[in-house]
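Structure, as structure tokens:
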2 protein chains.
Amino acid sequence: MTDGRRARGEQRRADLVAAAAALVLEAGPAGVSHRAVAARAGASLSATTYYFADLDELLAAAGADLAAAWAAHARATVESADAPPAELLVRAVLPAGDAQHVRGHYAHLVGAGAVPALARAYAAGRADLDAVVAGLGLAWPPEVLVALVDGAAVAALSEGRPVAEHVRAVVSRAL
Amino acid sequence: MTDGRRARGEQRRADLVAAAAALVLEAGPAGVSHRAVAARAGASLSATTYYFADLDELLAAAGADLAAAWAAHARATVESADAPPAELLVRAVLPAGDAQHVRGHYAHLVGAGAVPALARAYAAGRADLDAVVAGLGLAWPPEVLVALVDGAAVAALSEGRPVAEHVRAVVSRAL
DNA sequence: GTGTTTCTAGTACGAGCGTACCAGAAGATG
DNA sequence: CATCTTCTGGTACGCTCGTACTAGAAACAC
């Protein structure tokens, strides 16, 4: 291996980004601090400031990661094709995980547009998502279908109701 | 007036709640601190702890205020009936104000379900909203229509695009 | 080996936070 | 008048935060 330092450093950096992304899903963007990320990644506090100029940069990297993972999850779900289209739609748009993860996902989503780098990442992810959803063969344009799922999810989150269940009910009422 | 102290105290308390609600819309729930609320309401720091046992209680009061205001705004918009139904739908569901207000509204919405008192307030507000939207005479159930607007708004927020514009586009594509 | 770059660990500073406490002003009651 | 309750203002404690700084370990080049 030439230059093991570089490789080690990139691994460390990736660990920090992954830890930050996990924290976003678990505790929302506000739960991401230098110290929390370091502890989660098993690194020292200084590592976070060595690899990222400030917290915004770390959050942006984590957000780009989350946006990419979200689009990849959607693609894998739709391509598995192991359920009716409406069910695939719901599973593709909603992130996997418990209620806290879903809440973290949407909290991050709502705040993402205020950070240009994240806005771009999510625009790209959403374009990917729309393309995938269009392949489901449902009657509406993909933006409409995705909005339906997102909107139903927000409603469920605001009332503290089970998200997937409520989303399925709204989708079935619409199709 | 009998007992001017009591009346003065209730006014003070209402001022604090209003200040907290304004801060939620301007800076999101994370922007609400005892000190920020006190400064905004023109009160001293101690007033916030005198009227509210802790920050959660203050946030809950502000949230209940926001939920009620949101439902009232929707009702007034629909009852004005001074635009086509689709446009009334968009105006009723989206909060008035600039992009920051809309972002604050949805950030608060997503987090509300985690606090039982807020979940109840928003459930009541949403029931009100659904009833009002049902009166628009559009082809879909109100939950579906509201979800469409909320989902489109979240998409726009995540990409940093103008919200109302994007929501109108999605709604017109769906109807 | 020496020297250089990359990375880690530890510590420190100043700021803002939630919250608690207390002295006193303001108004009501007798 | 005096007394009691309600409310206000000011201050303080302990904590976490972002960020900066420095010393040294680790991996490479020569």
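Letters go in sequence order (proteins before strands), and every chain restarts at 1. Values reported hereafter were calculated over all heavy atoms of this structure, with side chains retained and with hydrogens, waters and symmetry mates removed.
Among C/dT8, D/dG9, D/dC7, the nucleotide with an atom closest to any side-chain atom of B/Arg8 is D/dC7.
Under a 3.5 Å cut-off, the side chain of B/Arg13 and the backbone N or O of B/Tyr51 do form a donor-acceptor pair. For A/Asp54 (side chain) and A/Glu57 (main-chain N/O), a donor-acceptor pair under 3.5 Å exists by modelled atom type. Side-chain N or O atoms of A/Arg103 include one that pairs as donor or acceptor with a backbone N or O of B/Val110 at under 3.5 Å. Between the side chain of B/His73 and the backbone N or O of B/Arg91 there is at least one donor-acceptor pair closer than 3.5 Å.
Rounded to an integer number of Å, the gap from B/Leu58 CG to C/dT19 P is 10 Å. B/Leu16 places its CG atom 12 Å from the C1' atom of D/dT8, with the value rounded to the nearest Å. As rounded to whole Å, 14 Å separates atom C1' of C/dC22 from atom OH of B/Tyr50. Between the CZ atom of B/Phe52 and the P atom of D/dC7 there is a distance of 13 Å, given to the nearest Å.
Taking 4.5 Å as the limit, every side-chain heavy atom of B/Arg173 sits out of range of all side-chain heavy atoms of B/Arg168.
Taking CG of B/Leu55 as the start and OG1 of B/Thr48 as the end, the distance is 8.5 Å to the nearest 0.5 Å.
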Protein within reach of the bases, or only the backbone? For nucleotides 17-25 of chain D, mark each nucleotide 5' to 3' as B, S or -, using heavy atoms under 4.0 Å. BBB------

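Between B/Tyr51 and D/dT6, a side-chain N or O to OP1/OP2 separation shorter than 4.0 Å is absent.
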